[in-house]
Structures are given as C-alpha cells and as structure tokens.
Amino acid sequence: PSQVNVLANDTVAAAGQVLIANSVKLCDTGEQVPNCTATSVNVTGGIYSVDSLGLVTFTPDSGYAGSIAAINYQARTNTNQTYGSSVDAGIVAAPTLTADTSSGAYNTAQSFDLLTGDTAAVGTTLDNATLKLCDPTTTPPQVAPNCNKTSVTVSGEGTYVLSGTTVTFTPVARFTGPATGLKYTIADALGQTSMSTYTPSVTEPPAPTAVADVLSGPMGAPQSANVLTNDTVGASGVTIIASTIKLCASNETSPNCSATSVTVSGGTYTVSPQGVVTFTPTSGFSGTAPAVTYVASTNTNQTLSGTVAGN
C-alpha cells in the first residue's frame with residue numbers, strides 16, 4: 001500500500017484558517033464536490049481509503065501493475081469553506097530484475113553481485129535485506145515469494161553462498177560448463193517481490209601438454225619408459241588416466257587411436273595399462289626407429305597426444 005496526507009500541500013486563503021483533517025471525504029462514482037461522502041472508493045487495480053487524520057491510502061490488488069485512475073476528494077476549513085482536489089495513486093511496479101551470468105576458471109570459486117542491473121520502480125527502493133536464494137531441492141522447489149536460503153548446494157554442480165548482495169559459487173571437482181542456474185528473490189520497500197536467475201559457468205581447464213619421449217638402450221634389448229611421467233596437466237585436480245593410453249596404428253590419427261601394439265621399421269612398440277611403452281627392436285637393428293603417437297585421456301575427458309621413439 002501507498003499512503004499520502006492529501007492536506008500536506010493544500011493551502012488556506014487567509015491567516016487564521018485551518019484545514020480540518022477529519023473532514024476529508026472521497027468522491028465515489030456519481031459524487032461531486034462539495035457533496036462527497038465516501039471513506040473508501042474502489043477503482044480498477046485497487047482501493048482508496050481515507051482515515052480521520054486525512055491520510056489517503058491506496059491498496060493495490062494482488063499482482064496488479066499498470067495505471068490507476070485518480071479520484072477527487074474534498075475537505076473543509078474551520079471557517080466552514082469546502083474545497084476539492086484530486087489524489088492519484090499511480091502504481092508502483094515490482095522490482096525489475098535482470099538474469100545474471102558469470103564465468104570462472106576451472107576448479108575455482110567465482111563471485112557476483114546479484115543486484116547488478118536490478119532496479120526498483122520510481123517511488124521505492126530495493127530492500128537488500130530481503131535478498132534470498134531459492135532452494136530447488138525442496139518439495140516443491142522454492143519460488144517467489146517463499147525463497148529463504150542464503151546457502152544452496154546443487155548436486156553435481158556446486159554450492160552457492162550469499163553474503164550481503166554477493167553470491168559465491170564454488171563448483172564441485174571436475175564440473176565444467178554452465179550450471180543449471182539458481183533463482184533468487186528480492187523485495188522493494190513496499191514489500192513487492194520479484195524473482196530472477198543467476199547462472200554461473202565454469203571454463204574447461206587448459207589442455208594437458210605432452211613431452212616427446214625418446215627411448216634408448218643396448219642394441220637388441222627392449223627399451224621401456226612410462227611416457228606419461230613427463231607430461232603435464234593444465235589445472236589443479238586434473239589427472240591423466242594411465243589405463244586410457246593407446247598407440248596410433250598407421251591408419252589411425254589422434255585422438256582416435258586404439259592400438260596397444262604397433263610395428264614399425266626396426267621393431268615393435270607395445271603399451272601397458274600403466275602407461276609404460278616398450279620398444280622391442282628387431283634383430284640387428286640400430287639407430288632411431290620411427291616415432292609412434294600415443295594418446296591418453298584425463299579425468300576431465302580431455303585428450304593428451306604425444307610421441308615416443310625407440311633409439
């Protein structure tokens with residue numbers, strides 16, 4: 001509801017005159033000054049009412065937004081003069097909220113001011129103390145105006161924590177891409193509540209880096225090394241899964257390789273589930289054999305590709 005003392009900006013014509021607050025009456029349909037008698041008047045969108053102090057209150061219908069018709073009122077002075085004027089409630093719309101997004105690095109918390117771009121209508125302000133998160137895990141999921149959380153955890157995605165007007169999203173390990181999004185609500189000083197959505201996104205970690213390996217050993221002897229040992233990942237929490245390592249046959253290219261044994265001029269390469277590549281030279285071979293490409297996957301489904309050569 002909105003309220004105004006309609007006598008506050010009215011003036012008398014001469015010294016000694018006083019406006020009588022309890023003489024204020026509203027003009028209902030069909031009534032005209034000086035013959036108005038109503039203390040409440042219904043209009044499209046709500047109801048005007050007046051009390052004995054001259055305070056006119058407009059109470060809007062639930063959910064109504066739009067223009068409100070002005071109505072006339074009358075009042076009397078202590079010299080028994082009656083005059084009339086009008087009061088216009090207008091309508092104060094609920095807060096206007098924008099859908100919020102942010103982006104952050106892999107395995108890293110990110111923060112965002114939820115009220116960025118959000119505004120209250122002219123005539124009121126946002127009440128920051130009413131800012132709340134909506135919990136989608138309740139039954140039924142929370143929606144305006146019944147959201148009341150300052151911390152919400154979404155399984156498989158991460159946790160949202162509200163402090164003041166800032167929300168911090170901490171993703172779970174290995175989560176990447178846009179989150180489902182979390183609804184939030186805020187009210188204005190008139191108690192009108194609006195709802196919007198905050199959607200954080202987590203970028204992929206940097207790609208893993210492979211270092212070319214060269215095996216060496218005595219002539220005729222098998223040569224082995226774990227080719228993943230000197231390869232690196234792009235971010236904390238990322239690991240290379242040794243059991244995914246494969247060699248690329250002559251008709252295969254990275255990342256679509258599936259061989260565990262590849263024969264080249266000078267010998268044969270084999271790979272174990274632990275990431276150990278062994279080059280077994282043919283009898284009498286010396287020098288550097290043609291390199292073979294290997295691939296492996298990380299726990300974030302990224303592909304690593306490198307080469308290994310027997311020498």
Interatomic spacing from CG in L162 to CG in L114 - rounded to 0.5 Å:
6.0 Å
Do T209 and D231 have a side chain donor and acceptor closer than 3.5 Å?
no
Only residue of T130, D127, L126 satisfying side-chain contact (heavy atoms from CB on, under 4.5 Å) with P95 is L126
Are the side chains of V4 and L55 in contact, using a 4.5 Å heavy-atom criterion?
no
So V12 and L19, do their side chains get closer than 4.5 Å, heavy atoms only?
yes
If the test is side-chain hydrogen bond (donor to acceptor under 3.5 Å, both in side chains), which one of T229, T307, N230 qualifies with D213?
N230
Please evaluate residues D113 and T166 with respect to the criterion side-chain hydrogen bond (donor to acceptor under 3.5 Å, both in side chains), reporting the C-alpha separation (whole Å), side-chain torsions for both, the decisive distance (0.1 Å), and the verdict.
CA-CA 4 Å; D113 188 335; T166 298; 5.0 Å; no
Where I68 and D88 come nearest, the two heavy atoms and their spacing
O-OD1, 3.4 Å
Please determine whether the number of non-hydrogen atoms from other residues, nucleotides or ligands lying under 6.0 Å from atom CG of N9 exceeds 12.
yes
Compute whether any side-chain donor of one residue and acceptor of the other, for S305 and S254, lie under 3.5 angstrom apart.
yes
Side chain Q110, main chain S201, donor-acceptor under 3.5 Å:
yes
Test your reading of the model: is there a side-chain donor-acceptor pair from Y269 to the backbone of G310, 3.5 Å cut-off?
yes
Quick check against the 3.5 Å criterion: does Q74 have a side-chain atom that pairs as donor or acceptor with the backbone of K25?
no
Can a donor-acceptor pair be found, under 3.5 Å and without considering hydrogens, that links the side chain of N226 to the backbone of Q274?
yes
I'd like to check V271 versus K246 (side-chain heavy atoms, cut-off strictly below 4.5 Å). Are they in contact?
no
In terms of side-chain heavy atoms, does T153 have a donor or acceptor partner in T159 at a distance below 3.5 Å?
yes
Just do the ring pair (Phe, Tyr, Trp, His ring centres under 6.0 Å) check on Y198 and F112 with the steps written out, would you?
CA-CA 9 Å; Y198 166 60; F112 187 82; 5.7 Å; yes
Can a donor-acceptor pair be found between the side chains of T180 and E157 at a distance below 3.5 Å?
yes
Check whether any side-chain heavy atom of I245 lies under 4.5 Å from a side-chain heavy atom of V295, and answer yes or no.
no
Would you say N311 and S216 are linked by a side-chain donor-acceptor pair, where the criterion is simply a distance under 3.5 Å?
no
Establish, from distance only, whether the side-chain atoms of N148 and Q142 form a donor-acceptor pair under 3.5 Å.
yes
Below 4.5 Å, heavy atoms only, C-beta onward: do L97 and Y184 meet side chain to side chain?
yes
Is a side-chain N or O of Q81 found less than 3.5 angstrom from the main chain of T77, in a donor-acceptor match?
no
Any donor-acceptor N/O pair, Q3 side chain to T57 backbone, under 3.5 Å
no
Is there a side-chain contact between Y73 and C36 (heavy atoms, below 4.5 Å)?
no
Okay, side chain of T98, backbone of T116: is any donor-acceptor separation there less than 3.5 Å?
yes
